Amino acid sequence: MAPRSSFILEPTLLQASQGHHSRLLSGGGCISRAALSSPASSLGSAGDLSWASPSPDQHEEMQEPLCHEIPPIGRGKHAIHLWQFLKELLLQPHAYHGCIRWLDRSRGIFKIEDSARVAKLWGQRKNRPAMNYDKLSRSIRQYYKKGIIKKTENSKRLVYQFQPQYR
DNA sequence: AAGGAGGACGCAC
DNA sequence: GTGCGTCCTCCTT
C-alpha cells in the first residue's frame, strides 16, 4: 500500500554508486551527509575526502531537525548497513538520548546504553520485528573481521569502536 | 541474567 | 558473494 519507493532514503546508493558527496535530499528523511562517510571506497577516489578526513572532530554544524520517521524497509542492495544505522543514531544525540552515545567521539568509541531499544529501532528500520540485541550484536561481531567495528582495548560491556575509515 | 565470541545455516539481493 | 537474521554452544562479567 505504502508508496515506499518514493520515500526511501538510499544512503548506500549514494556511497556505493558514485561516492560523490551530494547533499541528501532532506525531503522525507533527515540524514545529514556526514552520517555516512564512505569507507575504503573513498581511498580510491580522490577529491571527496573533505569531510571524511582522518581528523577527529572537524566540525559538527549539522544539528538538523530530528526525524523520527522510520523508512519502511531496507534489505538488499538499497539497505542501510548496521554500522551506518548506528552512526545515524549517534549523530542525533537529542533524538536518541539514553539510547546510544559517544564515549570518545574523536576515537569513534560509543556505548549502547539501551540495548533493547537500539535493537528495536534497528528491527523497525529493517522491518524485522523479532530483532533483539542478541542478534544485533552478532552482526556487530561480524564487523570485527571486516575491520569496520572493533571492541575497545578494555572490552567494556556494550562499548564498541568504529575503525578509523568508518568514523 | 546480560553480554560476548564465533560457528553454522538460511535467505534476499 | 554479501550482509545480515536466526539459532546455538560455551565463556565471561
Side-chain angles (χ1 to χ4, degrees), chain A residues 1-21 24-25 28-29 31-45 48 52 67-93 96-105 107-167:
Chain A
M1 297 307 193
R4 49 175 191 177
S5 51
S6 61
F7 192 49
I8 273 188
L9 281 173
E10 316 275 9
T12 35
L13 257 187
L14 288 176
Q15 73 158 42
S17 50
Q18 352 273 321
H20 64 119
H21 55 91
L24 293 173
L25 330 108
I31 306 173
S32 70
R33 73 253 183 268
L36 324 141
S37 56
S38 29
S41 61
S42 47
L43 294 177
S45 56
D48 58 339
C67 89
H68 300 269
E69 317 282 307
I70 296 171
I73 208 171
R75 256 175 292 173
K77 186 180 180 181
H78 298 174
I80 189 170
H81 290 181
L82 176 56
W83 66 269
Q84 296 175 316
F85 177 75
L86 293 173
K87 279 180 66 178
E88 236 184 79
L89 302 190
L90 286 163
L91 284 165
Q92 296 179 75
Y96 303 105
H97 179 256
C99 196
I100 184 173
R101 69 181 174 94
W102 293 113
L103 285 189
D104 189 332
R105 200 172 198 151
R107 296 189 182 189
I109 299 174
F110 63 97
K111 176 170 187 173
I112 295 172
E113 294 183 290
D114 189 335
S115 59
R117 189 141 81 95
V118 171
K120 190 171 185 175
L121 289 166
W122 176 234
Q124 285 170 12
R125 173 62 67 91
K126 292 294 291 296
N127 200 25
R128 287 262 99 89
M131 182 52 59
N132 57 33
Y133 184 68
D134 181 39
K135 289 181 275 195
L136 184 153
S137 63
R138 182 69 188 94
S139 289
I140 293 181
R141 269 176 255 129
Q142 300 271 179
Y143 284 153
Y144 297 168
K145 270 176 79 176
K146 298 177 185 173
I148 297 174
I149 286 176
K150 66 176 182 178
K151 209 63 183 152
T152 51
E153 292 279 314
N154 285 330
S155 197
K156 299 258 189 177
R157 282 188 148 211
L158 299 172
V159 176
Y160 298 91
Q161 178 172 23
F162 283 106
Q163 297 278 40
Q165 313 95 286
Y166 294 84
R167 277 198 40 240

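Since we're looking at a predicted model, the values are computed, not measured. Naming convention: chains lettered A, B, ... in sequence-line order (proteins, then strands); numbering from 1 in each chain.
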[X] side chain N/O closer than 4.0 Å to the phosphate oxygens (OP1, OP2) of [N]?
| X | N | answer |
| --- | --- | --- |
| A:Lys151 | B:dG4 | yes |
| A:Trp83 | C:dC4 | no |
| A:Ser139 | C:dG5 | yes |
| A:Lys135 | C:dT6 | yes |
| A:Ser137 | B:dA5 | no |

Roughly how many Å is it from [atom1] in [X] to [atom2] in [N], rounded to a whole number?
| X | N | atom1 | atom2 | result |
| --- | --- | --- | --- | --- |
| A:Gln124 | C:dG5 | CD | P | 14 Å |
| A:Ile100 | B:dG3 | CD1 | P | 14 Å |
| A:Ile140 | C:dG5 | CD1 | P | 11 Å |
| A:Arg128 | C:dC7 | CZ | P | 11 Å |
| A:Met131 | C:dC4 | CE | C1' | 8 Å |
| A:Asp134 | C:dT6 | CG | P | 11 Å |
| A:Arg125 | C:dC4 | CZ | P | 13 Å |
| A:Gln84 | C:dG3 | CD | P | 10 Å |

Ordered by number, residues from residues 142-149 of chain A within less than 4.0 Å of DNA chain C (heavy atoms) are A:Tyr143, A:Lys146
Is it true that a side-chain atom of [X] and a backbone atom of [Y] form a donor plus acceptor pair closer than 3.5 Å?
| X | Y | answer |
| --- | --- | --- |
| A:Lys151 | A:Val159 | yes |
| A:Ser155 | A:Thr152 | no |
| A:Asn154 | A:Lys156 | no |
| A:Gln124 | A:Pro129 | no |
| A:Tyr160 | A:Arg141 | no |

Suppose we call a contact any N or O donor and acceptor under 3.5 Å apart; does that hold for the side chain of [X] and the base of [N]?
| X | N | result |
| --- | --- | --- |
| A:Arg138 | C:dG5 | no |
| A:Arg157 | B:dA2 | yes |
| A:Arg141 | B:dG7 | no |

Inset, instruction - Indicate yes or no: at least one non-hydrogen side-chain atom of A:Ile80 is less than 4.5 angstrom from one of A:Trp122. - result: yes
Are A:Phe110 and A:Phe162 close enough that their ring centers fall under 6.0 Å?
-> yes
**Asked** Reckon A:Leu82 touches a base, only the sugar-phosphate, or nothing at all at heavy-atom distances under 4.0 Å?
**Response**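 It contacts sugar-phosphate atoms only.
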Looking only at C:dT6, B:dG4, C:dG3, the nucleotide nearest the A:Ala130 side chain is C:dT6
Let me see the working for A:Ile149 and A:Trp83 under side-chain contact (heavy atoms from CB on, under 4.5 Å), right down to the final yes or no. CA-CA 8 Å; A:Ile149 286 176; A:Trp83 66 269; 4.2 Å; yes
